[in-house]
Every structure is written in structure tokens, then in C-alpha cells.
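Starting from 1, each residue takes its place in the sequence as its number. Just so it is clear, the structure is predicted and the values come from calculations on it, not from any experiment.
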Amino acid sequence: NRFLEVMLIFLRSCGMFHGLSNPLTGLCSLIAALVNSPFNLLYLCWSVAWSLVWAYILNLPRPLIRNGVCGSQGIILGYAVYIVYDPIALDDLPDMRQVGLSLVVMIPLTFMVMVLFKVLSRTLFALLGVPPMFLAAIITGQLWWAMSVNSKHLINGNLYPAILTPVASPTFFNVTPTAFFREVVYGFSLLQFSNTIYCSIPLTVGYFIASPISCVMAWLGALTGLASAVLLGMDITRVRLELFGINCAISFSCLAGSLFVLNGPSFLLAIIGTFCTAFLTMAINALTMPWGGKYFSLPCMITVGLIYRALDDVPGLIRIPLEETTTPEDHLIKWKLHQAERATTEAKATEMAQINVNAENCGEVA
């Protein structure tokens, strides 16, 4: 059934934005978007649909289309447009002229995303062995964000150029436990670029359906990222605005299970890597603050990309080849089977060596 196949690809694309090529995860992602705002859902569906259209036209590899990698590329662009014009966030009645104009503009912008994705896939992966992830969408989204500052057609109230003010007197860890854990939930909800904690419910269900390990690691990432932000002195009231949740949750889940087999060393690596992601998030935020830009998931892409490329020969860390990545559970099963086969092979080799030694000893005695 062609229609069913298209719908499965569409849902896999929505799920693949979270690194999980599962239709039920994609469905939960759509529900989370709707919980946040109908416009969130509108821009999400529009960006995925046009990403798939351009992927077919540009003749991108069919496996990448079927597993949702291509369709997920435009989602960050959709959210870049959504954040600039969100009528609910701006307490304004929907102006369908602006909505319609932004949706029309997204058609050629998704084309730009897919062209960049095709180029980056051939260069980054071929030259460095690093996946392009959502770099194409981030570049296009940044350009959209910069253009929106000069556009008279769009409400740009969500753009907030700012200047850092010197700290008069330092304050240390002035955070209540209630505020801390509330921001952890908000941080997890940011995986859907949501400004409501209720999005965390369908997102958690979607993650758990596809991979319980990824679900736990994403929540630990949101927790570790916020703890790192507090340790670095970030104002907790701004953590939500600066996208700590999405960057740190992705970093933790990638380093502990998705790109490295989950074990003690990879778990420790995930904690350190998430701290580095939080550090980069604060630094890049300061660089983009003068013009109000958004860097989306760029900090986690830098951290995960560098770590994945560099730590390919560290004892205790089992790196997963990109073409073999599935779910953390699958990686663990395959690694245990590999270890069992290796132990069996070594045992047989030892047994054969012992037989040969015994045969030689019998020959000498004879």
C-alpha cells in the first residue's frame, strides 16, 4: 500500500528527529507538538513533508528516505520559523497572512536544507567520518533568523538582541530544588521545542516505546545539562530560553548508547561530554546574543562529532559504525553476542592447541 508506506516514512521522519526511527515515536512527537501549539504541529508537518519531496527530487539514497533521516532534516528549519512567529507565545491573534507567507518561504528553504545535507553528507562523512546530523538545517535556520530581523512581513518579537551586563556581585547555587527539577522537565520538553512541561509526557512515551535506554539517557542528559549550567553559573531563568535541554539530552543519549555501546566508560564519557555541551551552549549563546540568533542543536553536534571522531581507539569504549547504528538495546545485544562468539572461538583455539601439544607429547613418548 503506497499510502501506508508514505505515512510510515513520514512518522519515521518525525521520530528520527529524536534519533529513533520508529513510527510510534513519530506519532508521539506529533502529539507533543499539538500539546504545545497547533502552529508547532503545522510547521513540523510542513517541514517534514517538503523535506521528503525534495529528497525524492534530488535523488537522495532511498534507505535514508525510508528510515526518516532525510525527512527529519527540515524539522529544525520548521521550528526556526515557528519560533520567530508563534502567535500563542506572542499573545497575539493568528495573522494567517504571516503564517501563509512563512509557509510559502519554507518551500525553497527546505530545498536549501536538502542540497546542503547532500553536500555535507558527501564531504563531512567522506573526509572526517563524522555524520552531518542537522548541520544543514541549522545553517539554513540561522540564515532565516538573521533575515527575519530585517523583514517587515513577519512578527519578530521573539528575536531578542541583548547585551551582557557585568555581574555586580557573584551568587553561588542560588537555586531551589523545586525550580531545579521543574527546569529539568522543561529541558526534556525542549526536545520538541516546547514551552510547556506537558509535552514531556508524550515525548517520554515515544522514547520509551522505541528504546527505554534512550528514554532514560535523554532524561539524565536534561538533568546533567542543567546541573552543569548551574555549576557554570548560568541564570536558571534563562536555561530554558538557551536550549540547554535539547543539546544536553541529545549529547548524553548519543554518547551513552546510540553511538557508543552503553557501559561504564561510555556512561562516564556521556557525563563529561554533556558538561562540555553545556559549556559550549553558554559560549555560543554569548557569541550570537548581539544579534539575537539561535544556534539550536549546534553545541551538541560539535561535542558529539568531535568525541565520535577522536575516541575510536580508547580501551573500554566500543564505538558503533554509523552504518550500523540502531538502538542502544540492539547495540548491547550485538556486542554481547560478539563477545560470546569471541570467547567460544578462543576456547576452541585453546582446546586445539592443547590437543596438538598432547599429540606431540605422545609422539615423543612413542
Side chains of residues 60-69: which donor-acceptor partners sit under 3.5 Å, not counting sequence neighbours?
| unit_1 | atom_1 | unit_2 | atom_2 | d |
| --- | --- | --- | --- | --- |
| R62 | NH1 | L60 | O | 3.2 |
| N67 | OD1 | V69 | N | 3.1 |
| N67 | ND2 | P63 | O | 3.4 |

Do side-chain atoms of [X] reach the backbone of [Y] as a donor and acceptor pair under 3.5 angstrom?
X    : Y    : value
S251 : T274 : no
R319 : Y308 : yes
N247 : C300 : yes
T224 : G221 : no
T25  : G15  : no
T140 : A137 : no
N263 : G316 : yes
W54  : I107 : yes
S266 : V261 : yes

Identify the two heavy atoms, one from [X] and one from [Y], that lie closest to each other, and give their separation to 0.1 Å.
X    : Y    : answer
P299 : L280 : O-CD1, 3.8 Å
S253 : I250 : OG-O, 3.1 Å
W144 : L109 : CE3-CD1, 3.6 Å
S297 : I138 : OG-CD1, 3.5 Å
H331 : G257 : ND1-O, 2.9 Å
G71  : S13  : CA-OG, 3.4 Å

Is the shortest side-chain heavy-atom distance between [X] and [Y] below 4.5 Å?
X    : Y    : value
S72  : V48  : no
V53  : W50  : yes
S258 : P328 : yes
C45  : F10  : yes
L203 : F208 : no
I284 : F279 : no
L232 : F275 : yes
I320 : L259 : no

Co-membership, hydrophobic cluster, residues [X] and [Y], 4.5 Å side-chain:
X    : Y    : answer
I209 : L27  : no
F111 : V113 : yes
I302 : M282 : yes
I201 : F188 : no
V304 : I272 : no

>> Are there over 12 heavy-atom neighbours, none belonging to Y56, within less than 6.0 Å of that residue's OH?
In response: yes

Any donor-acceptor N or O pair under 3.5 Å, side chains [X], [Y]:
X    : Y    : value
T277 : T303 : yes
N40  : Y79  : yes
W46  : T110 : no
T327 : S211 : no
Y43  : S102 : yes

> So F260 and F267, ring pair (Phe, Tyr, Trp, His ring centres under 6.0 Å) or not? Walk me through it.
Replying inline: CA-CA 9 Å; F260 294 87; F267 189 83; over 10 Å; no

> Could you go step by step and tell me if F134 and F117 meet the ring pair (Phe, Tyr, Trp, His ring centres under 6.0 Å) rule?
Replying inline: CA-CA 8 Å; F134 297 109; F117 173 71; 8.8 Å; no

> Should T204 and W219 be marked as a side-chain contact (heavy atoms from CB on, under 4.5 Å) after you check the CA-CA gap, both sets of side-chain angles, and the distance that decides it?
Replying inline: CA-CA 9 Å; T204 301; W219 272 104; 3.2 Å; yes

Rounded to the nearest 0.5 Å, what separation is found between the [atom1] atom of [X] and the [atom2] atom of [Y]?
X    : Y    : atom1 : atom2 : result
L20  : C14  : CG    : SG    : 12.5 Å
Q192 : I31  : CD    : CD1   : 10.5 Å
C276 : I271 : SG    : CD1   : 12.0 Å
Q73  : S121 : CD    : OG    : 7.0 Å
L58  : M114 : CG    : CE    : 7.0 Å
S51  : I75  : OG    : CD1   : 7.5 Å

> Picking from L317, I318, L311, what satisfies side chain to side chain contact (heavy atoms under 4.5 Å, CB included) with P265?
Replying inline: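 It is L317, the one option of L317, I318, L311 that forms the side chain to side chain contact (heavy atoms under 4.5 Å, CB included) with P265.
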
> What's the verdict on side-chain contact (heavy atoms from CB on, under 4.5 Å) for L42 and L103, showing C-alpha distance, side-chain angles and the deciding distance?
Replying inline: CA-CA 9 Å; L42 172 63; L103 293 178; 4.0 Å; yes

> Does K336 have any salt bridge (Lys or Arg N to Asp or Glu O under 4.0 Å) partners at least two apart in sequence or in another chain, and if so, which?
Replying inline: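 Listed in chain order: nothing, the list is empty.
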
> Does the side-chain contact (heavy atoms from CB on, under 4.5 Å) test come out yes or no for V205 and L24, once each step is laid out?
Replying inline: CA-CA 9 Å; V205 173; L24 292 177; over 6 Å; no

> Can the ring centres of Y186 and F181 be said to be less than 6.0 Å apart?
Replying inline: no

